[in-house]
Number of protein chains: 2
Amino acid sequence: MIRVGIVGYGNLGRGVSLAINEAEDMDLVAIFTRRDPSVVQEGNVPFVKLDNVKEYQDKIDVMILCGGSATDLPIQTVELAKYFHVVDSFDTHAKIPEHYAAVDASAKMSNHIALISTGWDPGLFSLMRLFFQAILPNGKEYTFWGKGVSQGHSDAIRRIDGVKDAIQYTIPKEEALELVRSGKNPELSVRDKHLRECFVVVEEDADQKIVEKEIKEMPNYFDQYDTIVHFISEEELKKNHKGMPHGGFVIRTGSTNEVHKHKMEFSLELDSNPEFTASVLVAYARAIYALAKNNEYGCKTVFDIAPKYLLQETDEAQRKYLL
Amino acid sequence: MIRVGIVGYGNLGRGVSLAINEAEDMDLVAIFTRRDPSVVQEGNVPFVKLDNVKEYQDKIDVMILCGGSATDLPIQTVELAKYFHVVDSFDTHAKIPEHYAAVDASAKMSNHIALISTGWDPGLFSLMRLFFQAILPNGKEYTFWGKGVSQGHSDAIRRIDGVKDAIQYTIPKEEALELVRSGKNPELSVRDKHLRECFVVVEEDADQKIVEKEIKEMPNYFDQYDTIVHFISEEELKKNHKGMPHGGFVIRTGSTNEVHKHKMEFSLELDSNPEFTASVLVAYARAIYALAKNNEYGCKTVFDIAPKYLLQETDEAQRKYLL
C-alpha cells in the first residue's frame, strides 16, 4: 500500500481524500492543516498540525499538497520535498520555470521526487497540447475553457460597491468552437472565444444599472469580452450557483499533405473542478511512488511520466487489456 | 539528425515519408521494398531491395515498419529489431502479448529498442483509455469508431457474387454518443453503437435485391448491425469514395462522489487514416531514438514512453511553453 498524506484541507484537499478512497492501493495516513486540528477533524483519518509534519517522515510515502499557487506552494513544495515525495498543482503558468528550479534543488538534495503543476490545466491539457503538436506539427491549436466558474472574475465583481455576492461563468462560444473544428485555422480574439456570464446579488439600495456598467467596463477582466449580467436573489445564488463546475477543450487541426486535414480534440466536462483535479493528483501520486522506487529524484512534470505508472496494473496486464 | 528508414511502401509507408518531411530533426535515408526498386522508385530518396536491408545497419537509426499485421510484422519486426531500433503499428489486439514477447527477446539480444502497436488504435486511443481509467476509476468507458472506411467489411462485400466493387463506412450513432456523454452508463449493443453504410457497384446482370439481402444478413460482418446499402456507378465510387477517412471517440464518464459526475472525451476526425497513423509513428520514432541514447533496450509500447520524448524541444522549453 502507498501511504499518502494531504497538506491543506480546502476543496482540493477534500477531493484528494475522496479520490484516495477510490484507490485500492493507497492508505490515507494523515491530513495536515495550519488550523486547529481538533476543530477541523472529521472522519477517521487523523488531522495533524502542519508544524508537526516532519514527525511523519517515515510514515508517509507521498504527500499531496493542496495549498494555493500564489503563496502556499512556492514555499510548501520546496520545504516538504526535503522530507517526502510530493505532488502539487502549481498553476501559475508564467512562474513554472522558477518553481521548477527551486523544487528541483530541494528534492535532489534529499533524494526525493517532486511532481509539480499537476491537474488538468496545467496537466492533462498540457499533455494533450504536447501529443497533438508532436503528431500534427503542421497545424494550429486552440484551448477553450468552460463552461465553468472563474474564482478570479467572481472575486472581482464582489469588490464592486453595492455587490453582496457574485458568481462568474466562463463559457466557450459555440460558433468559435465550430470554426476551429472546421479546420479553417481562424484568428480568434478573446471576445470571439469566450463569453462571460455573471450572477450578481446586490445590496438593497444599489443601482443595478451602475453595477452592470462597472462590471462590463472593468479593464482586463470584462472589457474585452461580451458579458451578460443577471441580478438574482441571495437565495437563488445559494441554491443554483454554489457548485464548482468547469471544463474545456483542446483542439488541434492540421494537415499531412495539400488536401488531407485532421482534427484532434480533447474535452472535459466536470461537475466539480476541485474533485476532478484531486483525482489527477492521486493518479500521479501513484506514478511518482513507482518512479521513486526506481531511484529517480528531483522535480518532474507530467511530461516526464511514462503513462504506465498511473495504473496499479502490471505492464503485462496493461498491454493485454488496455493497449 | 535522426536517420530514418521505411520498410514497405504502401499507403502507410507513403504517409511516413510525408511525415518525415515535416520533421526538422529527421532525414529519410532509404525506403525498403520487396518489389523491384527501379519500378517503385519515385522522388529523391533511394529505394532499396528489402533483401539488402542489413547493409544499412550503420546508416539508419530508426526503421519504421509499414507492413501489415497479419503476415508482415510478426516476422519483420522480430527480424529487423536485430539490426535497428524499430517502430511498428501492429494492430491485432488479441495477439499483442505474443508479438511483444517475440520482439522483446530479439531486441534485447542485440541492444535495440522496438516500439510496437503504435498508431491511433492501438496507440492514442489506448493511451486515452489508460489516462481516463487512472483518473476516474469509478466510471465507464466507451470507444466508438468512424466515420471511416472498414477495409475488412468492404472486402467482405466485394466477395459477394455480382459485386464489382464496394466501400463500407462504419458510422457511430449520434444517439448512442449522446447517451454516453449524458453519464447514464448505458449498456449498448453493437447495433446501438454503430451503423454500417455501403456503397456498392454491381455487374450489369446482378439482382440488387439479392445482393442487398446477402450483405445485410452476412453473419458477424453485418447481421448484428443496421446496414444501409446504396447501389452506385463505378464512376461515382471512384470519384467520391476512394479516400481513406477515419476517426473515432474515446469517452469515459465517472463520478467522484454521490452527486458529482465528470466526462472525459478524446476524438479524432481524419481525412486520411494512413497519413495520420504515419504521423504518430514518426513522433514515436523520435521518442525511441532518445530512449536508445539512454541505453533502454527491448520491446516497448506507447505506455512506456514519457511524453516529453515525442518533441525535439528541450525539457526546459516544453515546461515554459507547453505546460
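The figures here come from the full heavy-atom set of this structure, side chains too, leaving out hydrogens, waters and symmetry mates.
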Review point. Distance from B/Lys263 atom NZ to A/Phe276 atom CZ, nearest 0.5 Å?
Key: 11.0 Å
Review point. Taking NZ, NE, NH1 and NH2 as the nitrogens, is one of them in B/Lys261 or A/Asp271 under 4.0 Å from a carboxylate oxygen of the other?
Key: no
Check your understanding: Could you state the interatomic distance from NZ (A/Lys320) to CD (B/Glu98), rounded to the nearest 0.5 Å?
Key -> 11.0 Å
Review point. For A/Lys140, does the NZ atom sit with more than 12 other heavy atoms under 6.0 Å from it, leaving out its own atoms?
Key: yes
Check your understanding: Of all of A/Ala283, A/Ala134, A/Gly254, A/Gly183, which one pairs up most often with chain B through heavy atoms under 4.5 Å apart?
Key -> A/Ala134
Study note, to complete from the structure: Comparing B/Ser267, B/Pro97, B/Pro122 against chain A, the one with the most heavy-atom pairs below 4.5 Å turns out to be B/Ser267
**Study point:** Closest-packed option against chain A by number of heavy-atom pairs under 4.5 Å, given B/Arg129, B/Arg286, B/Gln318, B/Glu24
**Key:** B/Gln318
Point to revise | Interface moiety of B/Asn21 toward chain A, non-hydrogen atoms closer than 4.5 Å | key: neither
Exercise for review: Against chain A, label B/Gln133 side chain, backbone, both or neither, depending on which of its atoms sit under 4.5 Å from a heavy atom there.
Suggested key: both
Check your understanding: Do other residues, nucleotides or ligands put more than 12 heavy atoms under 6.0 Å from A/Glu316 CD?
Key -> no
Review point. Is chain A contacted by the side chain of B/His93, its backbone, both, or neither, given a heavy-atom distance below 4.5 Å?
Key: side chain
Review point. Looking at CZ of B/Phe131 and CZ of A/Phe266, how far apart are the two atoms once the value is rounded to the nearest 0.5 Å?
Key: 9.0 Å
Check your understanding: What distance do B/Arg319 atom CZ and A/Lys300 atom NZ have between them, rounded to the nearest 0.5 Å?
Key -> 9.5 Å
Review point. Between A/Ser255, A/Gly15, A/Ser272, A/Ser117, which shows the greatest number of heavy-atom pairs under 4.5 Å with chain B?
Key: A/Ser272
Exercise for review: Among B/Leu127, B/Thr253, B/Thr256, single out the residue with the greatest number of heavy-atom pairs under 4.5 Å to chain A.
Suggested key: B/Thr256
Review point. What part of B/Phe132 is in contact with chain A, defined as an atom under 4.5 angstrom from a non-hydrogen atom: side chain, backbone, both or neither?
Key: side chain
Review point. Can you tell which of A/Leu130, A/Ile251, A/Ile96 has the highest number of heavy-atom pairs within less than 4.5 Å of chain B?
Key: A/Leu130
Practice item. Answer with side chain, backbone, both or neither: which region of B/Val302 has an atom nearer than 4.5 Å to a non-hydrogen atom of chain A? Key: both
Review point. With only heavy atoms counted, which part of B/Ile305 is less than 4.5 Å from chain A, the side chain, the backbone, both or neither?
Key: backbone
**Study point:** Max heavy-atom pair count under 4.5 Å with chain B, selected residue of A/Ala23, A/Ala287, A/Ser126
**Key:** A/Ser126
Practice item. Could you look at B/Tyr100 and say if it's the side chain, the backbone, both or neither that has a heavy atom under 4.5 Å from chain A? Key: side chain
Point to revise | Winner by heavy-atom pair count (cut-off under 4.5 Å) against chain B, out of A/Asn138, A/Thr301, A/Asp121 | key: A/Asn138
Exercise for review: Can you establish whether the number of heavy atoms outside A/Lys242 located under 6.0 Å from its atom NZ is more than 12?
Suggested key: yes
**Study point:** Residue A/Phe249 versus chain B: region with a heavy atom under 4.5 Å
**Key:** neither
**Study point:** Most chain B-contacting option - heavy-atom pairs closer than 4.5 Å, from A/Asp315, A/Asn257, A/Val280
**Key:** A/Asn257
Review point. Side chain, backbone, both or neither: which part of B/Tyr321 has an atom under 4.5 Å from a heavy atom of chain A?
Key: neither
Check your understanding: Given that the side chain runs from C-beta out, which part of B/Leu124 has a heavy atom under 4.5 Å from chain A: side chain, backbone, both or neither?
Key -> side chain
Point to revise | Atom pair CD (B/Glu265) and CD (A/Glu265), whose distance is rounded to the nearest 0.5 Å | key: 7.0 Å
Check your understanding: Do you know which of A/Asn273, A/Leu268, A/Leu270 makes side chain to side chain contact (heavy atoms under 4.5 Å, CB included) with B/His262?
Key -> A/Leu270
Practice item. Output the distance between atom CE (B/Met128) and atom CE (A/Met128), rounded to the nearest 0.5 Å. Key: 3.5 Å
